[in-house]
Trainee: 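Here's a structure for you.
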Amino acid sequence: MISFIVCAFNEEDNIENTVISISEAVETSIYIENYEIVIINDGSKDKTKDTILALKKKFTNITYLQNHKNLGYGQSLVKGLTAINYDKFMVIPGDNDLPKETIKIGLQNMNKADLVMLFPINTDNRSKVRNVVSIVFNLMYLIFFDTYVNYINAPAVYPTKIVRNLKLKSNRFSIISEMITKLLHSDVTYCEIPAFF
């Protein structure tokens, strides 16, 4: 059993494919019996809300949450944390940026440790600038926070109860690296799994 938290801001063109990617990853996995998708509409100005409500009619396991104004990725994720029901969760971008095969790898390995992080092995398809920024970002986290991992902003399978007890402060996407850093400095087991992004 696993929960998926999806934060969406102006994703009317992508949110349906995101839900389909999650559903197909679960359905082709032999490791999951029940799952839920909690979607937080972060004050979108387009038709994201209408698209999500239409999806909610097709998929009975979707929970819809609405921010009446844009609060940012961090606050939306924290809001999603209050609504999930299962012991493990994944955060999936609302823009369908994470392929179903990558999600499936997370599901296949979700019980290997409390925190299961995925890291990209196909970095050659990213620009040199993006790769340099990732290296510098990881180096900063190593120097300032003593966290040596392959990818600090990794898609991951998180332990719900432990994350709920963290004092999360980030309002933006940096909440992912904040969660991972705080978990790595707590009493959890973790592993890193290579994946294609």
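Here the structure is a predicted model, which means the values were calculated and not measured.
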Trainee: Report the distance from atom CG of Leu77 to atom CD1 of Ile40, rounding to the nearest 0.5 Å.
Mentor: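 Reported to 0.5 Å precision, the distance equals 6.5 Å.
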
Trainee: In a check of side-chain contact (heavy atoms from CB on, under 4.5 Å) between Tyr64 and each of Leu55, Leu53, Ile37, which one passes?
Mentor: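 Running side-chain contact (heavy atoms from CB on, under 4.5 Å) over Leu55, Leu53, Ile37 with Tyr64 returns exactly one hit, Leu53.
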
Trainee: Measure the spacing between CD of Gln75 and CD1 of Ile175 and express it to the nearest 0.5 Å.
Mentor: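 Answer rounded to 0.5 Å: 9.0 Å.
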
Trainee: Crowded around Asn34 CG? As in, over 12 foreign heavy atoms under 6.0 Å?
Mentor: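 Yes, CG of Asn34 has more than 12 neighbouring heavy atoms, counting only those of other groups under 6.0 Å.
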
Trainee: Is the side chain of Asn67 donor-acceptor paired with the backbone N or O of Lys69 at a distance under 3.5 Å, no angle test?
Mentor: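 No, Asn67 side chain to Lys69 backbone: no donor-acceptor pair under 3.5 Å.
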
Trainee: Which atom pair, heavy atoms only, marks the closest approach of Asn153 to Ser177?
Mentor: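 Closest heavy-atom pair between Asn153 and Ser177: OD1-CB, 3.3 Å.
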
Trainee: Return the minimal non-hydrogen interatomic distance between Glu27 and Tyr35, and the atom names on each side.
Mentor: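 Smallest interatomic distance, heavy atoms only, reads OE2-OH, 4.2 Å.
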
Trainee: More than 12 foreign heavy atoms under 6.0 Å from NZ of Lys49: is that the case here?
Mentor: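 No, the 6.0 Å shell around NZ holds no more than 12 heavy atoms from other groups.
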
Trainee: Mind checking salt bridge (Lys or Arg N to Asp or Glu O under 4.0 Å) for Lys182 and listing every partner two or more places apart, or none if nothing turns up?
Mentor: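 With neighbours one apart ignored, the set is Glu178.
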
Trainee: Check whether any side-chain heavy atom of Ser76 sits under 4.5 Å from a side-chain heavy atom of Phe9, and report yes or no.
Mentor: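 A side-chain contact under 4.5 Å is absent here.
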
Trainee: Is there a donor in the side chain of Ser174 and an acceptor in the side chain of Ser170, or the other way round, less than 3.5 Å apart?
Mentor: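 Checked: Ser174/Ser170 side chains pair up, N/O donor to acceptor below 3.5 Å.
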
Trainee: Report whether Ile22 and Ile20 are members of the same hydrophobic cluster (ILVMFWY, side-chain heavy atoms less than 4.5 Å apart, transitive linking).
Mentor: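 No, because Ile22 and Ile20 fall into different hydrophobic clusters, even though each may have its own neighbours under 4.5 Å.
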
Trainee: If we only count heavy atoms from C-beta on, is the Ile39 to Thr63 side-chain gap below 4.5 Å?
Mentor: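 Ile39 vs Thr63: side chains apart.
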
Trainee: With sequence neighbours left out, write down each residue that passes side-chain hydrogen bond (donor to acceptor under 3.5 Å, both in side chains) with Lys58, or none if nothing qualifies.
Mentor: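 Partners of Lys58 under the side-chain hydrogen bond (donor to acceptor under 3.5 Å, both in side chains) test: Glu16.
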
Trainee: Tell me whether Leu166 is reachable from Tyr86 by hopping between hydrophobic residues (I, L, V, M, F, W, Y) whose side-chain heavy atoms are closer than 4.5 Å.
Mentor: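 No, separate clusters.
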
Trainee: Rounded to the nearest 0.5 Å, what separation is found between the CG atom of Asn171 and the CG atom of Asn70?
Mentor: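 Atom-to-atom, Asn171:CG and Asn70:CG are 10.5 Å apart.
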
Trainee: Flag the pair Ile176 / Met179 as yes when at least one side-chain heavy-atom distance between them is below 4.5 Å, and no otherwise.
Mentor: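 A side-chain contact under 4.5 Å exists here.
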
Trainee: First locate atom OG1 of Thr160, then atom CG of Asn85, and finally report the distance between them rounded to the nearest 0.5 Å.
Mentor: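 One gets 9.5 Å once the value is rounded to the nearest 0.5 Å.
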
Trainee: Does any N or O in the side chain of Ser186 come within less than 3.5 Å of the main-chain N or O of Leu183, such that one atom is a donor and the other an acceptor?
Mentor: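 Checking the backbone N and O of Leu183 against the side chain of Ser186, a donor-acceptor pair under 3.5 Å is found.
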
Trainee: What is the minimum heavy-atom distance between Lys79 and Leu65, and which atoms define it?
Mentor: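 Distance-wise, the nearest heavy atoms are O-CD1, 3.9 Å.
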
Trainee: On a heavy-atom basis, which atom in Gly106 and which in Val157 lie closest, and how many Å separate them?
Mentor: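 Shortest heavy-atom contact: O-CG2, 3.6 Å.
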
Trainee: Return each pair, listed once, that meets ring-ring contact (aromatic ring centres under 6.0 Å, His included) where at least one residue sits in residues 91-110; pairs must be two or more places apart or across chains.
Mentor: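 For residues 91-110, and leaving out neighbouring residues, there are no ring-ring contact (aromatic ring centres under 6.0 Å, His included) pairs at all.
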
Trainee: Considering only heavy atoms from C-beta outward, does the side chain of Arg164 approach that of Ile84 to under 4.5 Å?
Mentor: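 Side chain of Arg164 against side chain of Ile84, heavy atoms only: contact under 4.5 Å found.
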
Trainee: Would you mind reporting whether Phe4 and Phe89 have side-chain heavy atoms less than 4.5 Å apart?
Mentor: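 They are not in side-chain contact.
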
Trainee: Below 3.5 Å, can you tabulate the donor-acceptor pairs from side chains in residues 109-118 to any protein atom, sequence neighbours excluded?
Mentor:
from	atom 1	to	atom 2	distance (Å)
Asn109	OD1	Lys112	NZ	2.8
Asn109	ND2	Ile105	O	2.8
Asp114	OD2	Thr189	N	2.9
Asp114	OD2	Thr189	OG1	3.3

Trainee: Using distance alone, with no hydrogens and no angle criterion, decide if Gln66 and Asn41 have a side-chain donor and acceptor under 3.5 Å apart.
Mentor: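 Judged by distance alone, the side chains do pair up.
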
Trainee: Check for a donor-acceptor pair, side chain of Lys88 on one end and backbone N or O of Met1 on the other, with a separation under 3.5 Å.
Mentor: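 It does not hold such a pair.
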
Trainee: Quick check: do Leu168 and Val163 have side-chain heavy atoms less than 4.5 Å from each other?
Mentor: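 Sidechains of Val163 and Leu168: in contact.
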
Trainee: We want to know whether Asn10 and Thr48 form a side-chain donor-acceptor pair, criterion being a heavy-atom distance below 3.5 angstrom.
Mentor: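 No pair is found: no donor N or O on one side chain lies under 3.5 Å from an acceptor on the other.
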
Trainee: Are Cys7 and Asp42 close enough that some pair of their side-chain heavy atoms sits under 4.5 Å apart?
Mentor: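 SC-SC contact between Cys7 and Asp42 ruled out.
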
Trainee: Could you work out, with salt bridge (Lys or Arg N to Asp or Glu O under 4.0 Å) as the rule, every residue matching Glu12, not counting sequence neighbours?
Mentor: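 Salt bridge (Lys or Arg N to Asp or Glu O under 4.0 Å) check on Glu12 returns nothing, list empty.
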
Trainee: Indicate, with yes or no, if Phe144 and Val149 share a hydrophobic cluster defined by side-chain heavy-atom contacts under 4.5 Å among Ile, Leu, Val, Met, Phe, Trp and Tyr.
Mentor: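 Yes, same cluster.
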
Trainee: About how many Å separate CD of Glu11 and OG1 of Thr18, when rounded to the nearest 0.5 Å?
Mentor: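 So the gap between those two atoms works out to 7.0 Å.
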
Trainee: Under a single-linkage definition using a 4.5 Å side-chain heavy-atom cutoff for Ile, Leu, Val, Met, Phe, Trp and Tyr, are Phe59 and Ile32 assigned to the same hydrophobic cluster?
Mentor: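 Yes, it is one cluster - the side chains of Phe59 and Ile32 are joined through contacts under 4.5 Å.
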
Trainee: Just wondering, do Pro155 and Val91 contact through their side chains at under 4.5 Å, heavy atoms?
Mentor: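 They are not in contact (no side-chain heavy atoms under 4.5 Å apart), so the answer is no.
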
Trainee: If every non-hydrogen atom of Ile103 is compared with every non-hydrogen atom of Ala25, which pair is closest and at what distance?
Mentor: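 Here Ile103 and Ala25 meet closest at CG2-CB, 3.7 Å.
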
Trainee: Mind checking the CD-OG spacing from Glu36 to Ser3? Nearest 0.5 Å is all I need.
Mentor: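 It comes to 3.5 Å.
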
Trainee: Just grab all the ring-ring contact (aromatic ring centres under 6.0 Å, His included) pairs involving residues 170-190, residues at least two apart or on different chains.
Mentor: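 Non-adjacent pairs meeting ring-ring contact (aromatic ring centres under 6.0 Å, His included): Tyr73-Phe173.
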
Trainee: Might you point out which heavy atoms bring Ala83 and Val38 nearest each other, and give the distance in Å?
Mentor: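 Closest approach of Ala83 to Val38, heavy atoms only: CB-CG1, 4.1 Å.
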
Trainee: Please answer: with hydrophobic residues joined when any side-chain heavy atoms are less than 4.5 Å apart, are Val188 and Tyr158 in the same cluster?
Mentor: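 Val188 clusters together with Tyr158.
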
